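Everything on this sheet refers to the single structure shown next.
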Amino acid sequence: MSGVVRYQVFLSSTFEDLREERQQATQAILETGGFPSGMELFPASDDSQWHLIKRVIDESDYYIVIVGGKYGSIGPDGRSFTEMEYDYAVKQGIPVLGFVRDDADNIPSKFTEKTEDLRVKLNSFREKVLTRVCRKYRTPAELGMAVMKSLVSESRVRPRVGWVRADQARTEVDMQRERELFEKLEAARATNDELERKIRDMSVLTDDIPREKLAQGDDEFAFTVIFRDESKQYESIDVNITWNDILRIIGPSMYGYVVRKTGTYNNGQRYPFQSAIEHNLRSKIIDRVQGRKMDIDQLQIDTCIFQLKELGLIMFDESENDDGSMFRGITLTKSGERHLTILKTIQK
């Protein structure tokens, strides 16, 4: 038998008279790597046991029957359970290996049938077994060798499904398929994580604060502008811009692009649209600030970013640098692109 595939072998015979023979046959099955099963595991005594026996025969790869001097216990239909098992295995197409005691006259009388009726049935059964693949034996040891040789030969000529260890059951095709499925699973997980992140980046407060309660549209946001006056004293003033105007100002730089802060940390990092915001603010207070340098608080820019994100108009996203590395920034959502287009479109 194969060193990988192991076969289940059903061993059928009478029991008390063939104990030694069954031991030799069982040892032979084990030495070929097989799993022996048989009537000693479930003594044939009633109809419910017969259903169990049939199921085990169905699960077996090969069937062995040993015929000695006893016919055996009689089943419901007048046949012995041994003959019933044999007939069932033949009917199911399970390879059958028969072994018949050759010197029947030398069998001790206590291991032979006493009634004529049972002797007739035994002889009929013997003839039935001899019509198929069958070997004769004289001693239990001879039987053991015959069983081993027959199983090796039969498994080579008529290999069956058998059983294999779980860790040996997979072929290279199976393992390749498993690797492909694992890679697809990992890709799906990555996609799922990416989608969850994008949903989170688009909006996180909608479950806590209804979007309609957020400042938006023509509502105003006050930017605090700091500059030096004519006497070079610092002065601050709040300048209002509507949220629609903020989107008009910063949206075009993000239309189809992911933008991020640039510049060094010490010198201040700025979004590319901050100059446009400062220019708009300067235009509103040009009479006071004129051409002097002015600043706006970076935290207010961040507030605008988060507000527009919660309004569903912009989102955080990732893009690729020229060198192939990734960076994280902000871009318009589809809703933001539509809203910006409406704001920027000139109607009649």
Side-chain angles (χ1 to χ4, degrees), residues 191-227 235-263 265 268-289 293-320 326-348:
T191 300
N192 185 64
D193 291 343
E194 175 69 11
L195 291 174
E196 288 183 349
R197 184 186 62 76
K198 285 189 175 182
I199 292 173
R200 183 181 67 250
D201 288 346
M202 289 170 60
S203 181
V204 296
L205 290 180
T206 51
D207 291 338
D208 302 314
I209 304 175
R211 187 167 288 169
E212 60 270 16
K213 290 188 176 182
L214 297 176
Q216 58 190 293
D218 291 328
D219 297 329
E220 294 183 332
F221 177 71
F223 278 97
T224 299
V225 179
I226 301 174
F227 59 93
E235 183 177 348
S236 67
I237 184 172
D238 288 341
V239 182
N240 293 331
I241 303 180
T242 68
W243 288 103
N244 279 340
D245 283 339
I246 292 173
L247 185 62
R248 284 192 188 97
I249 295 168
I250 72 175
S253 66
M254 291 184 286
Y255 202 106
Y257 297 94
V258 178
V259 301
R260 59 174 170 171
K261 293 179 180 179
T262 56
Y265 179 79
Q269 294 181 318
R270 293 163 54 90
Y271 284 106
F273 51 71
Q274 285 188 221
S275 295
I277 292 177
E278 291 169 356
H279 179 75
N280 182 275
L281 294 172
R282 182 184 295 275
S283 69
K284 293 178 181 292
I285 54 173
I286 188 63
D287 57 330
R288 297 186 60 177
V289 72
K293 183 179 181 299
M294 54 171 277
D295 293 305
I296 55 176
D297 190 346
Q298 179 63 45
L299 294 177
Q300 291 188 301
I301 297 295
D302 293 335
T303 297
C304 292
I305 296 302
F306 279 95
Q307 185 76 4
L308 293 174
K309 181 178 80 70
E310 294 308 319
L311 291 172
L313 301 175
I314 68 174
M315 61 180 285
F316 291 103
D317 202 357
E318 293 182 349
S319 188
E320 188 174 331
M326 301 299 294
F327 71 87
R328 187 167 171 79
I330 56 175
T331 188
L332 292 172
T333 64
K334 291 186 181 297
S335 177
E337 290 180 356
R338 289 195 299 270
H339 192 56
L340 177 63
T341 300
I342 293 172
L343 294 176
K344 300 291 284 188
T345 300
I346 299 175
Q347 302 184 33
K348 288 185 179 181

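Quick caveat: nothing in here was measured; it's all calculated off a predicted structure. Just so you know, residue 1 is the first one in the sequence shown, and it goes up from there.
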Query raised in the report: Under the criterion side chain to side chain contact (heavy atoms under 4.5 Å, CB included), which of Ile314, Leu214, Thr303 is the partner of Leu308?
Result: Ile314
Query raised in the report: Any side-chain heavy atom of Phe223 sitting closer than 4.5 Å to one from Glu278?
Result: no
Query raised in the report: Quick one: does Ser335's side chain have a donor or acceptor within less than 3.5 Å of a partner on Leu313's backbone?
Result: no
Report task. Please check if the side chain of Gln300 supplies one atom and the backbone of Thr224 the other of a donor-acceptor pair under 3.5 Å. Result -> yes
Requested in this report: Keeping the roles fixed (side chain from Thr333, backbone from Gly312), state whether a donor-acceptor pair exists under 3.5 Å.
Outcome: yes
**Report entry** Minimal non-hydrogen separation, Phe221 against Cys304, with atom names
**Finding:** CE2-SG, 3.6 Å
Report task. Can you measure from OG (Ser236) to CG (Asp295) and round to the nearest 0.5 angstrom? Result -> 12.0 Å
Report task. Start with the C-alpha distance between Asp302 and Tyr271, add both sets of side-chain angles, then the distance that settles side chain to side chain contact (heavy atoms under 4.5 Å, CB included), and finish with yes or no. Result -> CA-CA 10 Å; Asp302 293 335; Tyr271 284 106; 4.2 Å; yes
Report task. Could you grab the distance from atom CD1 of Ile330 to atom CE of Met315, nearest 0.5 Å is fine? Result -> 11.5 Å
Requested in this report: Check the pair Ile250 / Ile301 against side chain to side chain contact (heavy atoms under 4.5 Å, CB included), numbers first and verdict last.
Outcome: CA-CA 11 Å; Ile250 72 175; Ile301 297 295; over 6 Å; no
Requested in this report: Kindly give the heavy-atom pair with the smallest separation between Ala222 and Asn240, and that separation in Å.
Outcome: CB-OD1, 3.2 Å
Report summary line: Hits for side-chain contact (heavy atoms from CB on, under 4.5 Å) against Ile342, two or more places apart or cross-chain, chain-then-number order -> none
Requested in this report: Test Lys284 against Ile241 for side chain to side chain contact (heavy atoms under 4.5 Å, CB included), laying out the working first.
Outcome: CA-CA 10 Å; Lys284 293 178 181 292; Ile241 303 180; 4.0 Å; yes
**Report entry** Ile249 and His279, any side-chain heavy atoms less than 4.5 Å apart
**Finding:** no
Query raised in the report: Does some side-chain heavy atom of His339 sit less than 4.5 Å from a side-chain heavy atom of Asn244?
Result: yes
**Report entry** Phe227 atom CZ, neighbour heavy-atom count above 12 within 6.0 Å
**Finding:** yes
Query raised in the report: Tell me, which pairs form a salt bridge (charged side-chain N to carboxylate O under 4.0 Å, His left out) where one or both residues lie in residues 329-348, sequence neighbours left out?
Result: none
Query raised in the report: Looking only at atom types and distance, does a side-chain atom of Glu212 sit under 3.5 Å from a main-chain N or O of Pro210, one as donor and one as acceptor?
Result: no
**Report entry** Student check: side-chain heavy atoms of Ile277 and Ile296 closer than 4.5 Å
**Finding:** yes
Query raised in the report: What do you reckon, is CD of Gln347 surrounded by more than 12 foreign heavy atoms closer than 6.0 Å?
Result: no
Report summary line: Nearest heavy-atom contact between Gly217 and Thr242 is O-CB, 3.7 Å
**Report entry** Donor-acceptor contact present, side-chain Gln216 to main-chain Arg211, <3.5 Å
**Finding:** yes
**Report entry** Partners meeting side-chain contact (heavy atoms from CB on, under 4.5 Å) with Phe327 (sequence neighbours left out)
**Finding:** Val258, Arg260, Ser319, Asn321
**Report entry** Non-hydrogen atoms of Val259 and Pro272 that approach each other most closely
**Finding:** CB-CG, 4.0 Å
Query raised in the report: Can you find a pair of side-chain heavy atoms, one from Asp245 and one from Asn280, that are under 4.5 Å apart?
Result: no
Query raised in the report: From Ile305 CD1 over to Ile246 CD1, what is the distance, rounded to the nearest 0.5 angstrom?
Result: 9.5 Å
Requested in this report: Report the C-alpha separation of Gln269 and Gln298 in whole Å, then their side-chain angles, then the decisive distance to 0.1 Å, and conclude whether the side chain to side chain contact (heavy atoms under 4.5 Å, CB included) test is met.
Outcome: CA-CA 9 Å; Gln269 294 181 318; Gln298 179 63 45; over 6 Å; no
Query - Atom pair CG/CD of Leu281 and Gln274 - distance to nearest 0.5 Å - result: 11.0 Å
